[in-house]
Amino acid sequence: MGKSSRTFLGFKYRMGTSFAKERVRNPLQNVNERATVALSYLSRSMSYNHSDIDKKWQKTWEEAKIFEAKNDSKKDPYYLLVEFPFPSGAGLHVGHPRSYTALDVIARKRRMEGYNVLYPIGWDAFGLPTENYAIKTGRKPQDVTKENIDNFRRQLKSLGLSFDWSREVNTTDPAYYKWTQWQFLEFFKAGLAYKDTIAINWCTSCKIGLANEEVVNAACERCGGEVEMREKEQWMIAITKFADRLIDDLETVDFLPKIAKQQVDWIGRSEGAKIRFDLGEVREVLVATGNEAKLERNRFVCEGSNIALREAVDYGMHSHEVNEGSDLVENARMKAQVYAGNVDVPVLGMDSAFVLEGVDMDPAEVRRSVVTEEEEAALSQREIADRMLAHYKGLAEARGGVIEGHWHDVFVCIFPDGTEKVTECKRPIQLSTKVHEPVDEFFPIRSLYINRKTGKYPKEQTEEETRVELEDYRVALLDALQPTIEVFTTRPDTLYGVTYMVLAPEHPLALQLATDEQSADVETYIEASAKKTDIERGDAAKEKTGVFTGAYAKHPLTGEYVPIWVADYVLMNYGTGAVMAVPAHDERDFAFAKKYDLPVKQVVDGDEANLDHEAFIAKDGKLVNSGAFDRMTVAEGIAGITSKLEELGKGEKATTYKLRDWVFSRQRYWGEPIPLVHCEACDWVPIPDDQLPVVLPEIDAYLPTDDGESPLAAINDWVNTECPSCGGPAKRETDTMPNWAGSSWYFLRYTDPHNSEAFASEEALKYWMPVNLYNGGMEHTTLHLLYSRFWNKFLHDRGHVPVSEPYHSRRSHGLILAEDGSKMSKSKGNVVNPDDIVTNFGADTLRMYELFLGPFSEPAPWSENGVMGVKRFLDRVMRLEEFIANDASKELTSALHKMLKKVNTDIESMSFNTAVAAMMSYVNELHKAKSVSKDSLHTFLRTLVPFAPHVANELYEKTGGNEILESLSWPEFSEELTKDDVVTIAVQVNGKLRATLEMDAGSNQAKVEAAARAEEHVAKYLEGEVKKVIFVPDKLVNFVV
RNA sequence: GCCGGGGUGGUGGAAUUGGUAGACACGCUAGACUUAGGAUCUAGUGCCGCAAGGUGUGCAGGUUCGAGUCCUGUCCCCGGUACCA
């Protein structure tokens, strides 16, 4: 014990401490040094010389180019993918080879089965760790990256993985990120990339925006620095537009169930309804117009609301005409200002424009251009209308007969306190040369266009259709006058149970609605919650807080008034930022109602309901207290109440998602520059294809700045450029892309990595895609995996990729833990370096150990002793050479075929650990027999070669093999030969094992029963009456007494 | 809290449709060969017991000729998620 402990510690010392320190400075030198040390041990051991063998076969494979995939092959393609590593300064982790080796086994098996296999590798090399490391050491990220990649490549090559190195990709290579930029511009051109101001977690020390998961206890996960919320303009990509397809298309692929589920949960689709609550009191509004028709229309759309529209004359004033300019908002405001201040009701000003795409037009000007002032007096209204019609028709004809356009309506409401609210809407129309008779003499254009929502001419529309046409108009108008509160709920069936409403503190109406007495409290509450981070806010366990606004909303069905509260348990960024509270049937509302003594009204019946203590959230009851909806099931209630709301214009079916759009900007240096320029005249303009890539300038001052701007913003001669569209002065976008960008499409590039005309050729994509099997970490399920599926779908929609789903199968490997079961980490000093294992025991030992240490998808602790066990196995394999004989005993042949069968099926089910165990068992049998035929040995080596390619090839060559093993076919097993002549049969009495029998296979029941009864251990239990005998052929016999 | 996954020797882990629990490996014990190697070989190794035998897959029940496997309840561990209306 003492002896082995000492040597063991000595070994630990050599591996863990002395080399680790120097490795950082000069990796290559230390490898040699370690090799020398290892050799001195080898010379004294019986081990094969793994260093020489590893190098010899790696060289052989490289020269023979046998792992290079062919794009012009007639063979069936098979595409295996592992997540390409981020080349960190720490070098390869023992976790990397686990999945690389596992898929290497499959890749090698598939090649031997005759497939054209693509198993590529590359570098996901942009990213913060490199940039931070570069800053710390005062070096260029470019140099650090190159060095890290070289080290990773050396380490990976030392493992004998069958990657196609000729297809290596690197996300930081301009030839690669040219296409990342090009694809980003595709998003931009499709309108899916947009700029938006959002609040982000900002680490004041790293000077970078953090994702929520990077914030721990209101501090930066990375550096512990202070985190604050900052408003920041960011490029966003509209991944939410693909939410449904990202969920639904999971049906078409073979992902590990928990992976698919995690994605579905992350996207978080909820179906329900949006419901609008009006404010309680009736509002009088003065409409600033002298136009009866406009007033008429506004009254029409306000029907059913609590808005009463009045005219100036109602307040004893005359209507005034105001000169019109070209700015709609300014016009509307000027109209309202005529009366504002003279009455104590809100004043509404409005203006509309008829906008035809690509045509400069204004109805008043059209009128002026077709009739002179003299003519105007002389001509009839009908004649003028005809001339205007002719003018419009001319415009349409000049543009192929049809012009798309819209009505643009603007509302400005000035409230008695002087504040104003501006809203607008656009109603799409299509103008053509076809005239709908009779022509509207006062408004001739209404006879020339159809409304895009109804597909009809205005005059053709029924009243109902007119309401459809004017829906957006109505929303904008009412919104201007009196905001309604819109909520989202998954339980519209509980609408009758609403006893109060809650707004998120950030809700724009929160303060606006507060009554005079309550506004101070509300303001204080809003300010207090603004100071909290998302993490503090997000703790569901903490007691809920809130404050009453003093305002009430009108229930859309009962007309009752319910109080409106502000509380931070409602989140602004989900749904509409407001909820209808149903304390009887929602846990959170219940807790809040109990605390603030708000009423609880039960509307779903159930025996288990105990509303004194908890909310009743089960959905198997019937509706009660719900008027006409009583006795409906929950499902019927949801449908019934939703359609009732639709009928009333108070709500509609709606779906919301937890998934947010993708924040695509980083204000950091080490990423792909976003290829856009901003021009005063042309807005955002893409860099033309022939000027891509926009190369990241190599600069010394790439430190992040505290103003939240990218370091690129400081390079004046790079930022200032010329607008590609108008040639005027313009500024480059200085944000860079997140490190998820390059990894969102690398699997496409592998199919055709050297193409300079396209990111990959159509033929290559068609031949290789989709990826047959993609393996990666669970931690990438909701980010990389989702992003890349989305990215691929988008490119597919644009016609650039032939498949909608990029990966046919997705599997995940388990983490490798330290010996004590904790996570390996540099700070704990328990990281195992693969180099040490390769140097001391050889690549094959590391490969096989990582496959053997446990089920592939489960986490497993590292074990130094386990490594040695595998090393011993490989030594035993090498020693098989001594046993070669012509013996082909029935037992050994059967053992061989059982092993072949087991290894074959285990590889397919990714049960590598039991495949290795099967080979170990087989080798143990050969050692026991001290005999193996050359044929059997060579068959075994063909099975071993995917696992331990160096050892297998070496022994094959030493025992007379002339080819590279990889060029041979995968061994087939014979089902017949796996069968044994003699089987062991269990003898049970009442299900308890009493004896075992060796019997000829296929023995019948009578024979087995007789043999069993003859056993004395069995006989003594069978003295009573035997009621029943259960017989399972070749397995067991069970006596029931 | 909710949603997944899982509890099997001293350890990592094996166990087709319910059919000999503990394959394979580590560790340990004894011995052989050796001067010593992190080597090899032989035998043993779930637990209790000298043995016969009993007992045993987190715990408590149930179904069955027979349960690690199926059912009910319960406890614990790991992962994901977190006021998502």
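Letters A, B, ... mirror the listed sequences (proteins, then strands); counts begin at 1.
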If I pick the [atom1] atom on [M] and the same atom on [N], what distance separates them, to the nearest angstrom?
N	M	atom1	value
B/U57	B/U8	P	11 Å
B/A52	B/U45	P	13 Å
B/A82	B/C75	P	26 Å
B/G53	B/G6	C1'	35 Å
B/A14	B/A23	C1'	5 Å
B/G22	B/G46	P	9 Å
B/U20	B/C26	P	26 Å

Is it true that, when you exclude [X] itself, more than 12 heavy atoms of the residues, nucleotides or ligands shown sit nearer than 6.0 Å to its [atom1]?
X	atom1	value
A/Lys595	NZ	yes
A/Glu486	CD	yes
A/Lys274	NZ	no

[X] has an atom [atom1]; how far is it from atom [atom2] of [N], in whole Å?
X	N	atom1	atom2	value
A/Arg872	B/C26	CZ	C1'	8 Å
A/Asn924	B/U42	CG	C1'	14 Å
A/Trp862	B/C26	CH2	P	15 Å
A/Tyr569	B/A85	OH	C1'	8 Å
A/Leu851	B/A25	CG	C1'	14 Å
A/Leu256	B/G6	CG	C1'	15 Å

Pair A/Tyr500 + A/Phe592: ring centers closer than 6.0 Å: yes
What nucleotide, of [options], holds the atom closest to the side chain of [X]?
X	options	value
A/Pro861	B/C41, B/G54, B/G13	B/G13
A/Leu571	B/C3, B/C83, B/A14	B/C83
A/Phe488	B/A85, B/G19, B/A23	B/A85
A/Thr914	B/A14, B/C26, B/U16	B/A14
A/Arg879	B/C83, B/U40, B/U20	B/U40

After noting the C-alpha distance and the side-chain angles of A/Gln263 and A/Thr782, does the key distance pass the side-chain hydrogen bond (donor to acceptor under 3.5 Å, both in side chains) rule? CA-CA 6 Å; A/Gln263 292 213 340; A/Thr782 51; over 6 Å; no
Ion pair present between A/Arg879 and A/Asp875, side-chain N to carboxylate O less than 4.0 angstrom? no
Presence of salt bridge, A/Lys898 and A/Asp980, under 4.0 angstrom: yes
Base-paired stretches in RNA chain B with three or more consecutive Watson-Crick or G-U pairs, both distances under 3.5 Å, amount to B:1-7 with B:75-81, B:10-12 with B:24-26, B:27-32 with B:40-45, B:46-48 with B:53-55, B:58-62 with B:70-74
B/C83 base / A/Lys544 side chain donor-acceptor hit below 3.5 Å: yes
Scoring nucleotides 76-81 of chain B by protein non-hydrogen atoms under 4.0 Å (B base, S sugar-phosphate only, - none) yields ----S-
Separation between CD1 (A/Ile564) and CG (A/Leu509), nearest 0.5 Å, reads 8.5 Å
From A/Thr943 atom OG1 to A/Leu896 atom CG, the distance as rounded to the nearest 0.5 Å: 7.0 Å
Expected list for residues 911-920 of chain A: side-chain donor-acceptor pairs under 3.5 angstrom, two or more places apart:
from: A/Ser911; atom 1: OG; to: A/Ser909; atom 2: OG; distance (Å): 2.9
from: A/Thr914; atom 1: OG1; to: A/Asp906; atom 2: OD2; distance (Å): 2.7
from: A/Thr914; atom 1: OG1; to: A/Ser911; atom 2: O; distance (Å): 3.0

Across all chains, not counting sequence neighbours, the salt bridge (Lys or Arg N to Asp or Glu O under 4.0 Å) partners of A/Arg1013 are A/Glu1009
A/His897 side-chain N/O to A/Glu975 backbone N/O, donor-acceptor pair under 3.5 Å: no
Is A/Ser270 close enough to B/A85 that one of its side-chain N or O atoms is under 4.0 Å from OP1 or OP2 there? yes
Closer than 4.0 Å, any side-chain N/O of A/Arg876 to the OP1 or OP2 of B/C24? no
For B/G54, is chi within 90° of 0 (syn) or not (anti)? anti
Inter- and intrachain pairs under salt bridge (Lys or Arg N to Asp or Glu O under 4.0 Å), touching residues 840-857 of chain A, at least two apart: A/Asp104-A/Arg847
Identify, between A/Thr656 and A/Ser911, the residue whose nearest nucleotide on RNA chain B lies closer to the 5' end. A/Ser911
Collect all protein-nucleotide pairs involving nucleotides 61-66 of chain B in which both atoms are nitrogen or oxygen and the distance is under 3.5 Å.
from: B/C65; atom 1: O2; to: A/Asn1038; atom 2: ND2; distance (Å): 2.5

